[in-house]
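Here is the structure we will look at, set down as structure tokens.
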Amino acid sequence: MLVTKTPLRISFVGGGSDIKNFYKENQGAVVTASIDKYVYLTINKKFGDDIRVSYSKTEIAKEVNDIEHPIVRESLKECGIDKSIEISSLADVPGKGTGLGSSSAFTVGLLKGLYAYLGNTPSNEYLAEKACEIEIDKCKEPIGKQDQYGTAIGGIKELRFMSDGRVNIEQYSLSEKRISLFKENLLMLYTGKTRSTSKILAAQSKILCEDKLKRNVMTEMVNLVKNFKKELISGEINNLGEILHENWIRKRSITDKISNTWIDDAYQTALNNGASGGKILGAGNGGFFLFFAHPSKHKNIVEHLPKMNKFDFSFDKIGSQVVYSD
């Protein structure tokens, strides 16, 4: 039996520029980090020839093509496995619609396990690209590439999306003291609401394809990546909240599906009570809020947003890994 452990991710600035309709003409960039909340996959040789898959439901199939779960089906086909296997999953957060990249973490972790099951150990960068092929090309999900790389590869990093489809990765070299200080100023709150990521991203992709003004807004968000990196590496972290705020204002202007009155009111409440900036993680319209605020302000923000739950986290440095093999 094999067990893989793949981190979820949070992103800070540039989100959305990893969609092909943008980066094929304008280089995209995102600052992202993996966190210590995980998707776990177990893979085991099964007695008999059938295939058993357990997630929110359980499937038993005689043939790979009979599997309903598209990511599992295409991952098995990618690895050439067609019988006698059992796959199950669990996660530290709800499986879909939270903005933490759980679907891509599932794909990366599954590929990690399947390759290990076959005795292979490809790099996590390779796994990320294969996960992109499965989710975007084979399963036709209207998503970008940041989640696959953000979950496969640990640490705080910058991803650059090139017009030819390549992804360049820059790990930020930060001291433990700098990372700790950065983390202390971040506050995550769960809205209690999930949403359809695919619908939001499909609308965003269509707009970026058709509307030059919206592409210009996205370019401004990409330019914020350089500012965010400079402030984080130099240690002037107090300015990071303002950069997050600029990014959020631009992001929510791209499509009305990213925010709503309830989210806008909650965001303003956080600003009124000590946050200098923030964003909804992922596609928008639900999931998790990420705020930047001095630690002394966190309690006040939480008290003024009583319908949200504080979500404690730390950063993950490793990325996707096999944690058990027998």
- Phe22 and Val222, any side-chain heavy atoms less than 4.5 Å apart: yes
- Under 4.5 Å between any side-chain heavy atoms of Asn227 and Val13, yes or no? no
- Message: Salt bridge check, Glu68 against Arg73: does any charged N sit closer than 4.0 Å to a carboxylate O?
- Response: no
- Which is it for Lys310 and Leu189 under the side chain to side chain contact (heavy atoms under 4.5 Å, CB included) test, yes or no, and what are the steps along the way? CA-CA 5 Å; Lys310 184 181 178 183; Leu189 299 177; 4.0 Å; yes
- Task: State yes or no: do Leu174 and Val30 share one hydrophobic cluster built from I, L, V, M, F, W and Y residues joined by side-chain heavy-atom distances below 4.5 Å, directly or via other members?
- Result: no
- Task: Calculate, to the nearest 0.5 Å, the distance between atoms NE2 and CG belonging to His304 and Asn273 respectively.
- Result: 4.0 Å
- Evaluate the side chain to side chain donor-acceptor pair (under 3.5 Å) criterion for residues Ser88 and Ser54: first the C-alpha distance (whole Å), next the side-chain angles of each, then the deciding distance (0.1 Å), finally the verdict. CA-CA 5 Å; Ser88 62; Ser54 180; 5.8 Å; no
- Query: Under 3.5 Å, is there a donor-acceptor pair between the side chain of Thr219 and the main chain of Arg215?
  - Reply: yes
- Report yes or no: is the cationic atom of Lys183 (NZ for Lys, CZ for Arg) under 6.0 Å from the centre of the six-membered ring of Phe313, at an angle within 45° of the ring normal? yes
- Decide whether Asn272 and Gln268 meet the rule of one side-chain donor and one side-chain acceptor closer than 3.5 Å. yes
- Note on the structure: When every non-hydrogen atom of Ile51 is compared with those of Ser84, the smallest separation belongs to CG1-N, 4.5 Å
- Query: For Ile10 and Met188, which heavy atoms make the closest approach, and how far apart are they?
  - Reply: CG2-SD, 4.0 Å
- Task: Give, for atom NE2 of His245 and atom CD1 of Ile243, the distance between the pair rounded to the nearest 0.5 Å.
- Result: 12.5 Å
- Are Lys157 and Tyr149 in a cation-pi contact, defined as NZ or CZ under 6.0 Å from the six-membered ring centre and within 45° of the axis? no
- Task: Show the numbers, then the answer: is there a ring pair (Phe, Tyr, Trp, His ring centres under 6.0 Å) between Phe182 and Phe12?
- Result: CA-CA 12 Å; Phe182 179 41; Phe12 300 100; 5.3 Å; yes
- Side-chain contact, heavy-atom cut-off 4.5 Å: Tyr55 with Ile87? no
- Would a distance-only check, ignoring hydrogens and angles, find a side-chain to backbone donor-acceptor pair under 3.5 Å from Asp92 to Tyr38? yes
- Query: Would Phe315 and Phe288 show up in the same hydrophobic cluster when neighbours are defined by side-chain heavy atoms closer than 4.5 Å?
  - Reply: yes
- Decide if atom CD of Glu63 counts as having more than 12 heavy atoms of other residues, nucleotides or ligands within a radius under 6.0 Å. no
- Does the pair Phe292 and Leu186 meet the rule for a side chain to side chain contact (heavy atoms under 4.5 Å, CB included), with working shown? CA-CA 5 Å; Phe292 192 91; Leu186 296 174; 3.7 Å; yes
- Query: Shared ILVMFWY cluster between Ile134 and Leu76, side chains joined below 4.5 angstrom?
  - Reply: no
- Give a yes or no answer on whether the side chain of Ser34 reaches the backbone of Asp316 with a donor-acceptor pair at less than 3.5 Å. yes
- Note on the structure: In this structure, CG of Asn124 is separated from CD of Gln321 (nearest 0.5 Å) by 9.0 Å
- Would you check if Arg252 and Tyr267 make a side-chain contact, meaning some heavy-atom pair closer than 4.5 Å? no
- Message: Any side-chain to backbone donor/acceptor pair from Asp164 onto Arg166? Under 3.5 Å, distance only.
- Response: yes
- Are Arg250 and Ile254 close enough that some pair of their side-chain heavy atoms sits under 4.5 Å apart? no
- Under 3.5 Å, is there a donor-acceptor pair between the side chain of Thr4 and the main chain of Gly113? no
- Item | Distance in Å, Leu181 CG paired with Ser175 OG, rounded so as to fall on 0.5 Å steps | 9.0 Å
- Query: Can Val108 be reached from Tyr40 by stepping across I, L, V, M, F, W or Y side chains whose heavy atoms are under 4.5 Å apart?
  - Reply: no
- Message: Please check this pair: side chain of Gln171 against backbone of Gly154, looking for a donor-acceptor N/O pair closer than 3.5 Å.
- Response: yes
- Query: Is the side chain of Lys145 donor-acceptor paired with the backbone N or O of Gly165 at a distance under 3.5 Å, no angle test?
  - Reply: yes
- Message: Is any side-chain heavy atom of Gln27 closer than 4.5 Å to one of Met162?
- Response: yes
- Item | Side-chain donor or acceptor of Ser163 paired with backbone N/O of Tyr23 under 3.5 Å | no
- Query: Which of these, Lys226, Arg160, Lys229, sits in a salt bridge (Lys or Arg N to Asp or Glu O under 4.0 Å) with Glu170?
  - Reply: Lys229
- Item | Closest non-hydrogen atom pair between Ile67 and Ala61, with its separation | CG1-CB, 3.9 Å
- Message: For the backbone of Ala29 and the side chain of Ser17, can you confirm whether one donor and one acceptor N or O come within less than 3.5 Å of each other?
- Response: yes
- Note on the structure: So CD1 of Ile43 and CG of Leu114: to nearest 0.5 Å the spacing works out to 4.0 Å
- Item | Electrostatic pair Arg52:Asp50 at N-O distance under 4.0 angstrom | no
- Message: If you count heavy atoms of other groups shown closer than 6.0 angstrom to NZ of Lys297, is the number above 12?
- Response: no
- Verify the cluster assignment for Ile35 and Phe228: are they in a single hydrophobic cluster under the rule of side-chain heavy atoms below 4.5 Å apart? yes
- Task: Any chance you could measure Ser104, atom OG, to Glu135, atom CD, to the nearest 0.5 Å?
- Result: 3.5 Å
- Quick one: are Leu281 and Lys279 in side-chain contact, heavy atoms under 4.5 Å? yes
- Would Lys140 and Glu74 pass as an ion pair if we require N to O under 4.0 Å? no
- Message: Strictly distance-based, threshold 3.5 Å: is any side-chain N or O of Lys251 a donor or acceptor partner for the main-chain N or O of Val217?
- Response: no
- Grab the two heavy atoms, one from Thr6 and one from Thr151, that are nearest each other, plus how far apart they are. CG2-O, 3.7 Å
- Query: How close do Ile301 and Gly274 get, heavy atom to heavy atom, and via which atoms?
  - Reply: CD1-C, 4.2 Å
- Go through the steps to decide whether Phe161 and Ile19 satisfy the test side chain to side chain contact (heavy atoms under 4.5 Å, CB included), and finish with yes or no. CA-CA 9 Å; Phe161 309 99; Ile19 294 174; over 6 Å; no
- Item | Shortest non-hydrogen contact between Thr191 and Gly287, atoms and distance | OG1-O, 2.7 Å
- Task: Applying side chain to side chain contact (heavy atoms under 4.5 Å, CB included), run through Tyr117 and Lys45 and close with a yes or a no.
- Result: CA-CA 9 Å; Tyr117 181 80; Lys45 184 172 178 60; 3.5 Å; yes
- Message: Any heavy-atom pair between the side chains of Leu159 and Ile169 that's under 4.5 Å?
- Response: yes
